Amino acid sequence: MDEQDPLQQPGVDDETFAGLLAQVERFVRERLVPLERQVDEDDEVPDEIVGEMRALGLFGLSIPEEYGGIGLSVSQEAEIAKAFGWTSPAFRSVFGSTIGIGSQGIIMDGTPEQKETFLPPMAAGELIGSFCLTEPDAGSDAASLRTMALHEGDHYLMNGTKRFITNAPRAGVFTVMARTDLSEPGARGISAFIVNADWPGISLGEPDRKMGQKGALTSDVIFENVEVPPERIIGGVPGRGFVTAMKVLDRGRLHIAALCTGTARRLIHEALAYSAERKQFGKPIGEFQLIQAMLADSEAECYAAECMVADAAARYEAGEQITQEASCCKMYASEMVGRVADRAVQIFGGAGYIADYGIERFYRDVRLFRLYEGTTQIQQLIIAREMRKRQGG
Ligand SMILES: Cc1cc2nc3c(=O)[nH]c(=O)nc-3n(C[C@H](O)[C@H](O)[C@H](O)COP(=O)(O)OP(=O)(O)OC[C@H]3O[C@@H](n4cnc5c(N)ncnc54)[C@H](O)[C@@H]3O)c2cc1C
């Protein structure tokens, strides 16, 4: 690593972590799993559940203890993400943008004042953070973003539209990537700002109507002549926002990969149970070798992804540069869970296509993992670029 990453924290001791993980697993299985269908139908996570998430400290999982968080290591955070993968991803999304891309830019590159101001309320779940990078005309090519924040007098004037922003309707602050230097069309002209959601000139689009992950809220965020004080630039220095965004995404990709392994575990569990129960031709379908082949492929691929995540997290904690490994994990795990979900539908047969069984919901939910935080194609490009760099090419 070029510089010490404050997120390379050692984490909590093993006993404390085991207690937290057991608590989270209980919460997921006893409180969240029974609500999966309701959340899908209502497109909303109940406020009561959000309150329980606050009480569990979930909004502060990765925020250092000195700012009121739990201060988990990357490996520990991955274990918790995996535990949340057992249920609908919409639940994790409630706190995911705060512990992930919403707060980590501030932890990694923020000034001491920014950390003091924003991290404690984020850790307490009182201030929800959202990450605004994508725009209508800048998705995979994020460095071409057009949202402007031009220095005028004692402030920056922000104008532009951000698209598909997770938790925008709940957010108290947005981390906004905006161009501060028009003479720099690429990454170097971009700064990261912490912007209060209730400042004049900010409005939200209609909530997006998504294929899956109902209950995880996304919308456009529109900035019209929003006055942003210079002390809201992360780190206080303009032109470093894109570097911050990319560092945040490295770690976020590991988190998403871990989440995918949890969802794959749930789907394997459901498929295995169904294959033991469902009888055709006078015996449980699980006795047919063609069904066993699907179960075995899912198991082996899930196990591979788990090993990848554990290895990449350990390397991160050892101070290695893991851009390549994080992209490998995100690409492999998100594609893997897509295949596992597809096989689960197949093992359930017609029931896999019917909403009552919940498998089709997971099938829709997991599709997103191959798209956001960098599509599979973008991960391929990153992996190949890093391979060539390491080879000196
Ligand atoms: C539900 C949801 C939540 C999201 N949450 C957030 C959020 O909180 N914050 C945020 O900033 N963004 C968020 N996003 C945006 C997400 O990260 C982008 O949608 C994603 O990065 C892809 O960008 P795009 O949609 O513009 O697709 P495009 O970039 O237009 O890509 C279209 C296709 O072209 C391919 N492609 C593009 N460039 C290349 C290339 N060079 N080589 C090969 N293939 C290429 C892509 O892989 C894809 O298959 C969210 C998106 C969704 C759907």
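Each residue takes its place number in the sequence, starting with 1. Fair warning: this is a prediction, and the values are worked out from it, not measured in the lab. Atoms within each ligand, like the ligands themselves, are counted from 1 in listed order.
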- Could you tell me the residue and atom name of the protein heavy atom closest to atom 25 (O) of ligand 1, and the distance to it rounded to 0.1 Å? F164 CE1, 4.0 Å
- Message: Taking the six-membered ring for Trp, are F91 and F27 closer than 6.0 Å centroid to centroid?
- Response: no
- Query: Can you name the closest pair of heavy atoms from I233 and Q114 and give their distance?
  - Reply: O-NE2, 2.7 Å
- Query: atom 14 (N) of ligand 1: protein heavy atom closer than 4.0 Å?
  - Reply: yes
- Message: With nothing but distance in play, are any N or O atoms of F131 less than 3.5 Å from an N or O of ligand 1?
- Response: yes
- Task: Among all protein heavy atoms, pick out the one at the shortest distance from atom 17 (O) of ligand 1; state its residue, atom name and that distance to 0.1 Å.
- Result: E373 N, 3.6 Å
- What one should report as the nearest heavy-atom pair of L254 and C329 is CD2-SG, 3.9 Å
- Query: Short check: is a protein heavy atom less than 4.0 Å from atom 52 (C) of ligand 1?
  - Reply: yes
- Message: With a 4.0 Å cut-off on N to O distance, would you call R266 and E270 a salt bridge?
- Response: yes
- Message: Under 4.0 Å, heavy-atom basis, I'd like to know which part of N167 is in contact with ligand 1: side chain, backbone, both or neither.
- Response: neither
- Item | Nearest option to atom 1 (C) of ligand 1, as decided by whichever heavy atom of L368, T376, I165 sits closest | L368
- In terms of side-chain heavy atoms, does T323 have a donor or acceptor partner in D250 at a distance below 3.5 Å? yes
- Checking heavy atoms under 4.0 Å, the part of K210 that sits near ligand 1 is side chain
- Query: For ligand 1, is any non-hydrogen atom under 4.0 Å from T375's backbone (N, CA, C, O), its side chain (CB onward), both, or neither?
  - Reply: side chain
- Query: Among all protein non-hydrogen atoms, which one is nearest to atom 49 (O) of ligand 1, and what is the separation to 0.1 Å?
  - Reply: Q377 OE1, 3.4 Å
- Hey, is ligand 1 close enough to T166 that some N/O pair sits below 3.5 Å? yes
- Message: Looking only at side-chain N and O atoms, does S75 offer a donor or acceptor that is under 3.5 Å from a partner on E317?
- Response: yes
- Message: Looking only at protein heavy atoms, which one is nearest to atom 39 (C) of ligand 1, and what is the separation?
- Response: I378 CD1, 4.2 Å
- Query: Does the protein place any heavy atom closer than 4.0 Å to atom 31 (O) of ligand 1?
  - Reply: yes
- Message: Any salt bridge linking R265 with E299? Criterion: basic side-chain nitrogen under 4.0 Å from a carboxylate oxygen.
- Response: yes
- Would you verify that at least one protein heavy atom lies under 4.0 Å from atom 7 (C) of ligand 1, or report that none does? yes
- By salt bridge (charged side-chain N to carboxylate O under 4.0 Å, His left out) - contacts of R315 (at least two apart): D311, E320
- Message: Taking the cut-offs as 6.0 angstrom to the six-membered ring centre and 45 degrees off its axis, would you call R339 and Y332 a cation-pi pair?
- Response: yes
- Query: What pair of heavy atoms forms the shortest contact from G160 to T147, and how long is it?
  - Reply: CA-OG1, 3.7 Å
- Which atoms of ligand 1 sit under 4.0 Å from any heavy atom of L371? 20 (C), 21 (O)
- Message: Does any N or O of ligand 1 fall below 3.5 Å from an N or O anywhere on A138, backbone included?
- Response: no
- For ligand 1, which atoms, with element, lie under 4.0 Å from some heavy atom of T134? 10 (C), 11 (O), 12 (N), 13 (C), 14 (N), 15 (C), 16 (C), 17 (O)
- Task: For Q377, enumerate each residue passing the side-chain contact (heavy atoms from CB on, under 4.5 Å) test, keeping only those at least two apart in sequence or located in another chain.
- Result: T375, Q380
- Task: Have a look at G139, S140, A245 and point out the one with the heavy atom closest to atom 29 (O) of ligand 1.
- Result: S140
- Side chain, backbone, both or neither: the part of T218 lying under 4.0 Å from ligand 1 by heavy atom: side chain
- Message: Within the 4.0 Å heavy-atom shell around L381, which atoms of ligand 1 are there?
- Response: 40 (C), 41 (N), 42 (N)
- Note on the structure: All heavy atoms of L249 vs all of F131, minimum pair found to be CD2-CE2, 4.5 Å
